[in-house]
Amino acid sequence: MTEFQKAQQSADFIRTIQPEAAEVGIVLGSGLGGFVDHLQDMVRISYHSIPHFPVTTVEGHSGELIFGNLNGIRIWAMSGRFHYYEAYELNETVFPLRVLKLLGVKRLVVSNAAGGLNPDFEPGDLMLVTDQIDLFPDNPLRGKDALDFGIRFPDMSGPFDTEWQELAKKRAGELGIPLHEGVYVGTKGPSLETRAEIRHFRMIGGDAVGMSTVPEVIAARQMGIKVIGFSVITNQCLPQIPKEFTHEEVVAVANRAGGKLLEILKGILQRS
Ligand code: HPA
């Protein structure tokens, strides 16, 4: 069975539970699970129950697809995402997004917890992702199954929607929430960066580093979905600072900072 056929079966199953379409998808990064508390008329579907869906293993991710209403906008939220370091293939990590596309999603918010390479960033800060650098050893569009979702060589010269970014900056300003802007470097993980790698990432233009998001943005752009991305800076990622944090600490900082991101998200998902 092709990826497209599998995605169709997943979408058909989801429609039997929630027949309504939603235009917006949200990938909730570590610590941002609180977003779903703001949704009305929620329908929660465990990843386990959806045919062909991968299942999450990372702590802090519950693994549910959640449908709900925010300010009258219908949303599919992915609570729990799939990482390359968990041994998924990249086409598996983007499978849920392909299903969301079949369910009618046209705009996607991606969020993540990331280390701050920019020395001006502090733990708990937010960064609007203006561009990304792909350091993954593979690409989710490799192989012929990907051609059922879009073109072979999608343009990546501006993967993030500038109009939506302007709105996010405006709303953040109105809310008094500082919002950095910067480039997200996506690495395979799970080991953290050496000092030399941190200097390398900074030298090539990175402001934040993490282990997700990049393949999702590629897959979404191939399908013509508009994307906006936010990083919650959970730790400094500077050559002189040893990294001794645990996943729990990353989640704890993201949880604390997540409230600010929720406010911005509420602001940019208003009906215009
Ligand atoms: N490096 C890579 N991924 C991360 C980090 C980091 O410092 N912090 C949160 N995710």
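Note that ligands are numbered from 1 as they come in the structure, with each ligand's atoms numbered from 1 the same way.
Listed by atom number, the atoms of ligand 1 under 4.0 Å from Leu192 heavy atoms are 1 (N), 2 (C), 6 (C). Distances below 4.0 Å separate heavy atoms of Asn235 from the following atoms of ligand 1: 5 (C), 6 (C), 7 (O), 8 (N), 9 (C). Near Glu193, meaning under 4.0 Å from any of its heavy atoms, are these atoms of ligand 1: 1 (N), 2 (C), 6 (C), 7 (O). In summary, the atoms of ligand 1 found under 4.0 Å from a heavy atom of Met211, numbered by their order in the structure, are 2 (C), 3 (N).
By the side chain to side chain contact (heavy atoms under 4.5 Å, CB included) test, Glu166 is found to be paired with Lys169, residues two or more places apart in sequence or in another chain being considered. Scored by the side chain to side chain donor-acceptor pair (under 3.5 Å) test, Asp134 finds no partners at all (sequence neighbours excluded).
No side-chain donor from either of Thr2 and Asp145 sits under 3.5 Å from a side-chain acceptor of the other. When only modelled atom types and interatomic distance are considered, Asn112 and Ser212 share no side-chain donor-acceptor pair under 3.5 Å.
Below 30°, between 30° and 60°, or above 60°: for Tyr47 and Phe82 the angle between ring planes is between 30° and 60°, a tilted geometry. Relative ring orientation between Phe95 and His52 is described as perpendicular, the plane-to-plane angle rising above 60° on a 0-90° scale split at 30° and 60°.
Within the 4.0 Å heavy-atom criterion, neither part of Thr187 lies near ligand 1. Neither the backbone nor the side chain of Asn112 has any atom closer than 4.0 Å to an atom of ligand 1 (non-hydrogen atoms only). Contacts of Thr234 with ligand 1, taken as heavy-atom pairs under 4.0 Å, involve the side chain alone.
Residue contacts with ligand 1: Val250 is placed with no nitrogen or oxygen under 3.5 Å of a nitrogen or oxygen of the ligand (distance criterion only).
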